[in-house]
Amino acid sequence: MKILAVCDDHPTSERIVAELAHIAANTWADVIMLGVQQPGNGNEPDPALASRLLRCRDNFIRFFPATESPYGPCRISDAFVSFGRGRWLLAPAERKGESRKKLTVRIRAGNPVREILSESRLQEVDLIILGCSLAGDCRWLGGDLRRKIASRAGCAVLVIRDLGQPPGSISCFVGQGPVSQASLEMINQIATVHQTDLSLVGLVGNELSAAGEERITQRMAGMLRYYAQRRIPAWIRLALPENVEEDVRRAGRDGIIALLLGKKSLFGGIFPDDLIGRLVSGGQPAVLILR
Amino acid sequence: MIKGLLAVDENLASSMALRFAARLTEILPLRLQAGHVEPLPTQQEIGSDRVRPIWKEGVVDAGHQAIQRLFNTEKVKCPFLGRPKVFVGNRDEVFLRELVNGAYDLFLEGYLDTGSARDFHRLITSPLYVESPCPILMVKNLVGGRHVALLCPDEDIEQRAAVFAAARRLLAGDGFDFEFLSYRYEENHCAVFPEQSGTDSALCGAVSLIGAEGRSPARSRVICGPPEKVADLLQQYKLVVCPLPYANGPQLELLAHCPSPVLFCR
C-alpha cells in the first residue's frame with residue numbers, strides 16, 4: 001500500500017501526521033509526504049513549506065519506536081535536492097540498515113490540484129490524505145481544492161478536519177457503485193486503527209428499481225460477512241433519499257464518514273451536486289472517499 | 001424447548017436474522033423452523049387449472065433453492081426442527097396460520113432499519129404483528145453482549161406484568177442481564193440517570209415484579225430525550241424487550257430508530 005499525505009505550510013498539516021502514522025503502522029504502507037508551493041518562487045523550495053514538511057516527517061518518525069519502525073533506522077537528512085524543474089526531494093537518508101518501507105518527502109511547484117493528482121498517479125498511491133483546519137482557512141488547501149481532489153482522484157481520499165478526539169463510529173454509505181476489495185480493506189484498517197464500530201448505511205429510494213435496491217442490500221450482506229469474519233462489529237441501516245443529507249451530517253458529527261463512490265454510484269443522483277464538496281469542506285471531522 | 005419460526009428470504013434482513021437466531025440457539029434452548037413465503041400469483045400468471053399444480057411445484061422448488069442459497073452463503077450452524085417450509089400465499093396470513101397450527105413460542109424475522117417511523121408503524125400494525133399468538137423478535141442488527149433492556153410500559157400494570165413474564169419465559173437462564181428502562185420524551189435534552197428515588201412509577205412497578213421472584217435487575221434507569229438520540233443509547237443492548245406500541249408516539253419513534261433487535265411481547 002502507498003499513502004500520499006499532502007501538507008502545506010500551515011500548522012493544520014501536522015494534525016494529519018498522527019492519523020497518517022496510525023494507518024501506516026497498521027498497513028505497513030510506503031509513505032510519500034508532499035508539499036506544493038506556488039510556481040515562481042525561484043529555484044528553491046519555499047523555506048516555510050520545507051520546514052513544515054521536515055517537522056511532519058520528524059513527528060511521523062517519532063511515532064514509531066526506533067527498534068520497531070518499518071521505516072528503518074536512519075540518520076535523517078534535512079536537505080532538499082532538485083530532481084527536475086519545480087521538483088525537490090529530501091536527500092536520501094543515510095541508512096544504517098535497510099528499511100522495509102519507504103518514507104519519501106517531496107515538494108512540487110505548480111497548481112496544487114494538478115500536482116497532487118499527478119503525484120498520486122505517478123506513484124500509484126492507494127490513499128491520499130488531506131488535512132484541513134477547523135475554521136476551514138487552510139491556505140491553498142481550500143475547500144475547492146479538497147472537493148476537486150476528492151472528485152478527481154482515482155484512489156481513496158481521506159480528508160481530516162479534526163480528529164482530536166477518537167471518532168465515535170465510522171459510517172459507511174453504500175450506493176449502487178461497485179465496492180472494491182481495497183475499499184473494504186481501507187475501511188477495515190480505519191475501523192481497526194480507531195477501535196470503533198462500523199455502520200453500513202444503504203442508500204435506497206423511490207427512484208431505485210427493486211433490482212437496484214436488492215443489489216445494494218446484497219452488497220451490504222457481503223460487507224457484513226466480510227467484517228464479521230474480521231470481528232469488526234457492523235451496524236446496518238438504510239437511508240431514504242429525503243433523509244440522506246441529514247443522515248450524513250448526523251453521522252459525521254462525531255465520527256468518520258466513508259462514501260463509497262463508484263461510476264454508477266447513487267451519490268450523483270441522491271446528493272446535491274456540491275454535497276461532496278460541502279462534506280469535505282464542511283464541519284465533518286473526517287471524510288473518506290472510496291472507489 | 002422454545003419453538004421458533006424464522007422467516008427467511010434471500011436478502012440481507014434474513015441473513016441478519018439467521019445469524020442472530022444462530023447465536024441465540026447457543027444460549028437458549030431454541031429450536032428453529034425456517035419458513036419462506038412466495039407471493040400469491042395472479043390468475044393470469046397461474047394459467048389454467050391444469051397447469052396450477054405444476055406451477056406451484058416450480059414456485060415451491062424455487063423457494064427451497066433460495067433458502068438453500070442463503071444457508072450456503074451464511075454457513076451458520078443452527079439446530080433446525082426440520083426442512084425449511086415453503087408456502088405460497090399472503091405472507092401475513094400464511095405465517096399467522098403456521099404460528100397457530102405449529103404452536104410456536106416465538107416468531108423471528110429480519111428488518112432493515114430505515115429510521116422511518118411511518119414504515120415501522122406500518123409493519124407493527126400489520127395483521128402478522130397485531131394478531132401473532134406469540135412474541136415477535138425483530139432483528140435489526142447483529143448485536144453481541146448479554147444486556148437486555150426491558151422498556152417498561154408507562155401506565156398499564158397488567159401489560160407490564162405480562163411483558164415481563166413473557167420475556168422471562170423466553171429468556172430464562174443465566175445468559176442475560178436484565179436492565180429496566182423507563183423512557184421519557186424530552187425535545188432538547190438527552191440524559192440517562194439511575195432511578196434511585198423510586199419516583200418513576202413504571203420502573204417501581206417493574207422492579208417490584210422482578211423482586212417477587214427473588215431477583216433484582218442489574219440496573220434500573222430513566223432515559224430521556226428525543227427518540228433518535230435515545231435510540232443511539234439503546235445500541236449497547238443485545239435485545240430491547242417491550243410491548244407492541246399500537247399508537248404513534250415517542251415510544252414508537254424510539255423503537256423505530258432503535259438499532260438493536262426488538263422483542264415484542266404481549
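In what follows, every chain begins at residue 1, and chains take the letters A, B, ... in the order their sequences are listed.
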Between chain B and chain A, identify all donor-acceptor pairs below 3.5 angstrom, including backbone and side-chain atoms.
{"residue": "B/Glu74", "atom": "OE2", "partner": "A/Arg225", "partner atom": "NH1", "Å": "2.8"}
{"residue": "B/Asp113", "atom": "O", "partner": "A/Leu238", "partner atom": "N", "Å": "2.6"}
{"residue": "B/Asn141", "atom": "OD1", "partner": "A/Ile236", "partner atom": "N", "Å": "2.4"}
{"residue": "B/Asn141", "atom": "ND2", "partner": "A/Ile236", "partner atom": "O", "Å": "3.2"}
{"residue": "B/Glu228", "atom": "O", "partner": "A/Arg250", "partner atom": "NH2", "Å": "3.3"}
{"residue": "B/Asp232", "atom": "OD2", "partner": "A/Arg250", "partner atom": "NH2", "Å": "3.1"}

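- In this structure, the portion of A/Ala228 lying under 4.5 Å from any heavy atom of chain B is its side chain and not its backbone.
- Here B/Asp61 pairs with B/Gln65 under the side-chain hydrogen bond (donor to acceptor under 3.5 Å, both in side chains) rule; sequence neighbours left out.
- Note: A/Leu200 CG to B/Leu12 CG = 8.5 Å, rounded to the nearest 0.5 Å.
- Between B/Leu142 and A/Leu224, some side-chain heavy-atom pair lies under the 4.5 Å cut-off.
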